[in-house]
Amino acid sequence: MSTLEGGRDHRQVYPVANPFGARLQERARLSLEGATDVAVDAAAVARDLAYVAGKGTLFVVDVSRPDRPAVVGQLQGLGQGRQVEVQHGIAALTTRPDGLFICDVTDPEHPSLLSHYDTVELATGVCLSGDLCMIACRHMGVEIIDVSDPARPAHVSNVLAGEAQSVFVNGNTMYVGAWMQREVHIIDITDPAMPRVLGACLLDGFGDGICVRDGLCYAATGHHARGLANRRKYLDYDFVTAQMLQEGYGGGHGLEIFDVTDPERPRLLSRLKTPPLFMTGNDMWGVVVAGDHAYLTDTYNGVFVVNVAHPQGPYFEGYHRLDVLRDEAYHHEPSIQQLCQPATGLALGAGHMLMASPQTGLHIIETPVAIERPEPPQVAPRPSTISAPAPPELAFRSDGQVHGVAVVDERLVVAAGTHGLYVLESALPCEAVVHAATDDFALDIKAADGYIYVAEARAGFSVWRLVSGELHRVARCRDAFGGEAVRQVVLLRDSGLAALHVGTNHLALMDISTPEAPRCLDLLPVGGMMYYKSVVEGLFDDRYMAAFPLSPGIVWFDVLDATHPSRAAVSISQQLCTIEEGAVVGKGGIFTILRGKYAFSQRIDDIPDERGAMALWDGDVHTPGGEVYLSGRPTLIDDSLYLLNRQTGQVTVIDVSEPERPILRHRLTLSGHPERIVRHAMMLWVCCGHGGLQRLAL
């Protein structure tokens, strides 16, 4: 007997079987830079071609010989791939800030670009179904577009669905993985122009990939379990405690199965957990179901094969992990286990799994069972040909999104996304008198001293003039931004400088003192993720410009010496929502909207957080609990602060003639996604994306 073994004979201690099944072997790997996802054409009879979303490239790979996969074609010049879906020779590729690319892959050796579509927000998830393409656009929900003519995709509708990460369609029903909300949203798209929310599945992990078969919804989850309500609670920890694990830290990873035959009352059948894990970056999870098996990707945990023949009792049959990450590749988050190279995308080939990893490329993995061909989901209904009536405020609409407007020589110049620039007569009705195509999406526009400054996405930053009734481009700066899209232009008053929102992580400081020769002085990292347009309008104290990223707070840069800009301060060191919150610089100080409240500060280092901000009431009676939740990015026009919320369409007007005593004046809701407001000719002009340019009386 052994005392160390509790008085038991050591021969009675038996090894426990691996709970994740057999360790699956890798048959081959193909190095492809930045491979984030892989797809096969569900409509194709043979599955010997794989389509891989890579860094700036769509790869077509012959996998007919699993031991020797080979690239047979590629299409370059695309944005950084996120997800890819292929149907009937058409590939749809999401690229986050660069929108959606639709490609013709009927000739595998020579794929070609059909169209580039300007999505309402960061294009993340994608699903093709019949004549429709659904794009998960994070905080802006899911955008539905008509791709019956893939060379001319057309906006159909948009529906909010939490922080939409991935999307799946089966017939008349759309399922959306809502990331931070830990939910699957179920939406009726019988009329794609009028989506209707039916219900939601409550997940025990952050929501992402979805697959629906025979009335069952399979959801891939990750990060933290629902019990950890504050996901940032342990952000600064560099260790893991038992209490953290008990609260659900890293415990959100796994597969969940719901009965959705009654979509308004989904019913949980089972949850199966993969190992606890928390690591930001490449945080995406997916699932594909074929026959009696689900195939799960769980990033740094690898891939898993799950037997789902009995949905109430699924179990693991096999798994595969990639190579171990080197210690220096770790982030600051505490590790629960040793991390491996991430697995971020999966598709099923003929007898093997195809797995994508951004750091190592395409992997061919054996399976413990014969792979059945996945049943294609039912096709979504055709979009209606009946268009919604125009809102009474509509002044102008193009086939592209109206992102920005500037006043030049008493005329309105509009940045209209895919359709470039329009010059409008400001007298009603606002007719387009001039149109000029841009090299890429026209995402923003500003004007000063007769010059027009345009953010042209991956085509960079351009300068135009309106001469003799025609638009003429006089300059362009393209190569200074590392291939990232220019999304916003802010003119820094009379300094001869401009600030640009570039990609999702950088500001560019531009010298525009000679508009015909703009120069990029520096490309400045903000240290966090910037959604949509995150540069703060205005230059404070003639020297400070700022960005409003998701984190680490309001980031200020000192540009007094423009040749050597420096990071000056971070105000409000907490996570910020760039749709509901924001800041703007005025003559007397900085106006901030934060956690539904208002703040005014005369210094960048004393901007109050939510505890020091002010609540506003609708009216003079300040009853407990009667505060109005302020929501939207602020714009200052004279003595009024206008809050524009792109998600809800809400516009809120606050009188700030006395900044320390703000007064709530008005609230209204517009159609579309309001993102820019200017005053001209005794009217307010609001850019509302697909809702066009709308006008409001002062």
Residues Gln359 and Asn282: closest non-hydrogen pair is NE2-ND2, 4.4 Å
Measure from the ring center of His223 to the ring center of Phe278 and say whether it is less than 6.0 Å. yes
For Pro311, is there any backbone N or O sitting under 3.5 Å from a side-chain donor or acceptor partner on Ser270? yes
Go through it in stages, so that I can follow the logic: the residues are Val40 and Val38, the test is side chain to side chain contact (heavy atoms under 4.5 Å, CB included), and I'd like the CA-CA distance, side-chain angles, deciding distance and then a yes or no. CA-CA 7 Å; Val40 296; Val38 57; 5.9 Å; no
Going by atom type alone, with no hydrogens or angles, which donor-acceptor pairs under 3.5 Å involve a side-chain atom of residues 199-210 and a protein atom two or more places apart or on another chain?
from, atom 1, to, atom 2, distance (Å)
Asp204, OD1, Arg226, N, 3.1
Asp204, OD2, Lys273, NZ, 3.0
Asp208, OD1, Ser166, OG, 2.5
Asp208, OD2, Trp285, N, 2.7

Measure from the side-chain N and O atoms of Thr94 to the backbone N and O of Arg96, and report whether any donor-acceptor pair falls under 3.5 Å. no
Can you tell me how far the CG atom of Leu128 sits from the CD1 atom of Ile135, to the nearest 0.5 Å? 9.5 Å
More than 12 heavy atoms from other groups under 6.0 Å of CE on Met529: yes
To the nearest 0.5 Å, atom CG of Asp37 lies from atom CD of Glu85 at 9.0 Å
His320 side chain to Leu24 main-chain N or O, any donor-acceptor pair under 3.5 Å? yes
Looking at Leu75 and Cys103, what are the two nearest heavy atoms and their distance? CD2-SG, 3.6 Å
For residues Val169 and Ala380, report the shortest heavy-atom separation together with the two atoms involved. CG1-CB, 3.9 Å
Interatomic distance, Leu58 atom CG to Ser112 atom OG [nearest 0.5 angstrom]: 10.5 Å
Go through the steps to decide whether Asp98 and Leu78 satisfy the test side chain to side chain contact (heavy atoms under 4.5 Å, CB included), and finish with yes or no. CA-CA 8 Å; Asp98 296 321; Leu78 311 180; over 6 Å; no
Looking at Pro381 and Thr190, what are the two nearest heavy atoms and their distance? CG-O, 3.5 Å
To the nearest 0.5 Å, what is the distance between CG on Leu339 and CG on Leu277? 6.0 Å
Main-chain N/O of Arg382 paired with Asp131 side-chain donor or acceptor, under 3.5 Å: no
Ring pair (Phe, Tyr, Trp, His ring centres under 6.0 Å) partners of His116, counting only residues at least two apart: Phe101, Phe441
Which is it for Arg23 and Tyr319 under the side chain to side chain contact (heavy atoms under 4.5 Å, CB included) test, yes or no, and what are the steps along the way? CA-CA 5 Å; Arg23 181 177 297 175; Tyr319 74 99; 3.0 Å; yes
Using only atom types and a distance under 3.5 Å, with no angle test, would you say the side chain of Arg213 pairs donor to acceptor with the backbone of Tyr218? no
Supply the atom-to-atom distance Ile365 CD1 to Met353 CE, rounded to the nearest 0.5 angstrom. 6.0 Å
Taking Thr299 for its side chain and Pro342 for its backbone only, find out whether a donor-acceptor pair lies under 3.5 Å. no
Provide the closest heavy-atom pair for Pro69 versus Ile364 in the form atom of the first, atom of the second, distance. CG-CG1, 4.2 Å
Between Thr36 and Gly81 (side chain of the first, backbone of the second, donor and acceptor by atom type, cut-off under 3.5 Å), is there such a pair? yes
Within the distance-only criterion (no hydrogens, no angle test), does the side chain of His690 pair as donor or acceptor with the backbone N or O of His155 below 3.5 angstrom? no
Testing Thr274, Asp298, Thr221 one by one against His253 for a side chain to side chain donor-acceptor pair (under 3.5 Å), which residue passes? Asp298
Walk me through it: do Val105 and Tyr51 pass the test side chain to side chain contact (heavy atoms under 4.5 Å, CB included)? CA-CA 9 Å; Val105 292; Tyr51 305 87; 3.8 Å; yes
Heavy atoms, side chains only, cut-off 4.5 Å: are Leu114 and Ile90 in contact? yes
Decide, yes or no, whether a salt bridge links Lys55 with Glu33 under the criterion of side-chain N to carboxylate O below 4.0 Å. yes
Donor-acceptor pair, side chain of Arg182 and main chain of His224, under 3.5 angstrom: yes
Looking at side-chain heavy atoms only, is the closest gap between Gln165 and Gln83 below 4.5 Å? no
Strictly by modelled atom types, are Gln74 and Gln76 linked by a side-chain donor-acceptor pair under 3.5 Å? yes
Check ring pair (Phe, Tyr, Trp, His ring centres under 6.0 Å) between Tyr531 and all other residues, then give those that pass, not counting sequence neighbours. His139
Once you round to the nearest 0.5 Å, how far does CD of Glu256 lie from CG of Leu269? 11.0 Å
So which heavy atom on Cys127 is nearest to which on Val167, and how close? CB-O, 3.5 Å
Side chain Asn505, main chain Gly528, donor-acceptor under 3.5 Å: yes
Please state whether the rings of Tyr237 and Tyr234 are parallel, tilted or perpendicular, taking 30° and 60° as the class boundaries. perpendicular
Do Glu121 and His673 get their side chains close enough for a donor-acceptor pair, meaning under 3.5 Å? no
